[in-house]
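Inspection log for the structure reproduced underneath, given as C-alpha cells.
Because only heavy atoms are used, hydrogens play no part in the values below, and waters and symmetry mates are left out as well, while side chains stay in. It should be emphasised that the depicted structure is a prediction, and the values quoted were computed from it without experimental measurement.
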Amino acid sequence: KAQRNMLIFAVVAAPLLARYAQYWLDSTPLIRLFNRDGTALGQRGLLVLSVLMLLPLALFIARLRATAYPEPQQQRMKVPIKAVEYMRANQLTGNTFTFPSIWGGYLIWELPSNPVYIDGRDVYPERFVEEYVAMVRGRADWQEPFARSGVKLVVIEPGSLLARSLDGNSEWERVYRDEMSSVYKRR
C-alpha cells in the first residue's frame, strides 16, 4: 500500500538529495573531476557521474513498473479475465447476460461488441432490476427474458442457480469454465 507514495517521495526527495549530494561532492577530492572551467576532463567527469546516478534510477523504474503494474490477475481484480480471453479468442459475440456489478462494466470495456443485459449503472427501470434479481435467485423464469432480449451468451459463476439451470437446458451449451466463471452459448 505504501507504493502509491513512491512518486510523491521522489518528487519531494529529489531536490533535497541533489543539494546534499552537492555538499558531499564539494567536500571530497572528486570535485577536481568536475572543475568549473569547462575543460574536457570536467565535462567527461560530469557525464560519467550523470550516467552513474541514472543507472540506479533505470533499475528502480523497471522494478517499480513490475510492482505497480503487474499482469492482471482474475482473483485479485474479481472479474472474469480468463473467460473474456476465451470469448475473444473464439470470437463469441452477441448479447451477453452477466452480473451487473463490476463484471458488466468489465465486459463492456473488454468486449464492446457484446452488449450486456445489465451492468452496474443505476439507469435501469425498477421493474427490470426486480426481474433480473428474481431470475438470478431462481424465483422467476429466465427463458422468456433471455429470448425477449436476444441473449446469446451468459457469463456467470459456475455454482449459481442459473448455471445449474443452464446446464440442464438443451438450448444452452457450456463452452468454458474456470474457478471464477462459466460461459454458456445458445446452441
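Judged by distance alone, the side chains of Asp178 and Tyr86 never bring a donor and an acceptor atom under 3.5 Å apart.
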For the pair Ser149 and Phe97, evaluate side-chain contact (heavy atoms from CB on, under 4.5 Å) and give the outcome as yes or no after the intermediate values. CA-CA 10 Å; Ser149 299; Phe97 181 91; over 6 Å; no
Lys152 and Thr96: CA distance, side-chain angles, deciding distance, side-chain contact (heavy atoms from CB on, under 4.5 Å) verdict: CA-CA 6 Å; Lys152 297 192 181 324; Thr96 305; over 6 Å; no
Stepwise salt bridge (charged side-chain N to carboxylate O under 4.0 Å, His left out) test for Arg186 and Glu173: CA-CA 6 Å; Arg186 189 182 292 271; Glu173 169 187 19; over 6 Å; no
Any chance you could lay out the side-chain contact (heavy atoms from CB on, under 4.5 Å) test for Asn95 and Asn114, step after step, and finish with the verdict? CA-CA 5 Å; Asn95 293 349; Asn114 289 28; over 6 Å; no
Please lay out, stage by stage, how Arg174 and Val183 fare under the test side-chain contact (heavy atoms from CB on, under 4.5 Å). CA-CA 6 Å; Arg174 184 175 59 208; Val183 177; over 6 Å; no
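Hydrophobic clustering keeps Phe9 apart from Leu59 (ILVMFWY residues linked when any side-chain heavy atoms are closer than 4.5 Å, directly or through intermediates). Grouping the Ile, Leu, Val, Met, Phe, Trp and Tyr side chains by contacts below 4.5 angstrom, directly or via other members, places Ile8 apart from Leu17. Under a hydrophobic-cluster definition in which Ile, Leu, Val, Met, Phe, Trp and Tyr are linked whenever side-chain heavy atoms come within less than 4.5 Å, directly or via other members, Val129 and Tyr117 are assigned to the same cluster. Under a hydrophobic clustering in which Ile, Leu, Val, Met, Phe, Trp and Tyr are joined whenever their side-chain heavy atoms come within less than 4.5 Å, directly or via other members, Trp109 and Leu92 fall into different clusters. Note on Tyr20 and Leu57: separate hydrophobic clusters, where clusters join Ile, Leu, Val, Met, Phe, Trp and Tyr whose side-chain heavy atoms are under 4.5 Å apart, directly or indirectly.
Remark: Arg187 CZ is packed, more than 12 non-hydrogen atoms of other residues, nucleotides or ligands lying under 6.0 Å away. Sparse packing is recorded around CD of Gln91, with 12 or fewer heavy atoms of other residues, nucleotides or ligands lying under 6.0 Å away.
In this structure, Tyr132 has its ring center at least 6.0 angstrom away from the ring center of Phe99.
The shortest side-chain heavy-atom distance between Lys82 and Glu179 falls under the 4.5 Å cut-off.
Using the six-membered ring where Trp is involved, Phe128 and Tyr124 have ring planes that are parallel, under 30° apart on the 30 and 60° scheme.
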Distance-only check: which donor-acceptor pairs under 3.5 Å involve side-chain atoms of residues 156-168, not counting sequence neighbours?
| from | atom 1 | to | atom 2 | distance (Å) |
| --- | --- | --- | --- | --- |
| Ser160 | OG | Glu157 | O | 3.0 |
| Ser160 | OG | Ala163 | N | 3.2 |
| Arg164 | NH1 | Gly159 | O | 3.1 |
| Ser165 | OG | Trp142 | NE1 | 2.8 |
| Asp167 | OD1 | Tyr184 | OH | 3.0 |
| Asp167 | OD2 | Tyr184 | OH | 3.3 |

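Here the side chain of Thr98 pairs a donor or acceptor atom with the backbone of Val155 at under 3.5 angstrom. Proximity of a side-chain donor or acceptor of Arg121 to a complementary backbone N or O of Pro100 within less than 3.5 Å is not detected. A distance-only check finds a donor-acceptor pair linking the side chain of Trp103 to the backbone of Lys78 [under 3.5 Å].
The distance from the CE atom of Met87 to the NZ atom of Lys185 is 11.0 Å, given to the nearest 0.5 Å. Taking CG of Leu107 as the reference point, atom CG of Asp119 lies at 10.0 Å (rounded to 0.5 Å).
In this structure, Ala21 has no side chain to side chain contact (heavy atoms under 4.5 Å, CB included) partners at least two apart in sequence or on a different chain.
Shortest non-hydrogen contact noted between Trp172 and Val151 is CH2-O, 3.5 Å. Closest of all the heavy-atom pairs between Met180 and Val79 is SD-O, 3.2 Å.
The pair Glu131-Arg127 does not count as a salt bridge, with every side-chain nitrogen at least 4.0 angstrom from each carboxylate oxygen.
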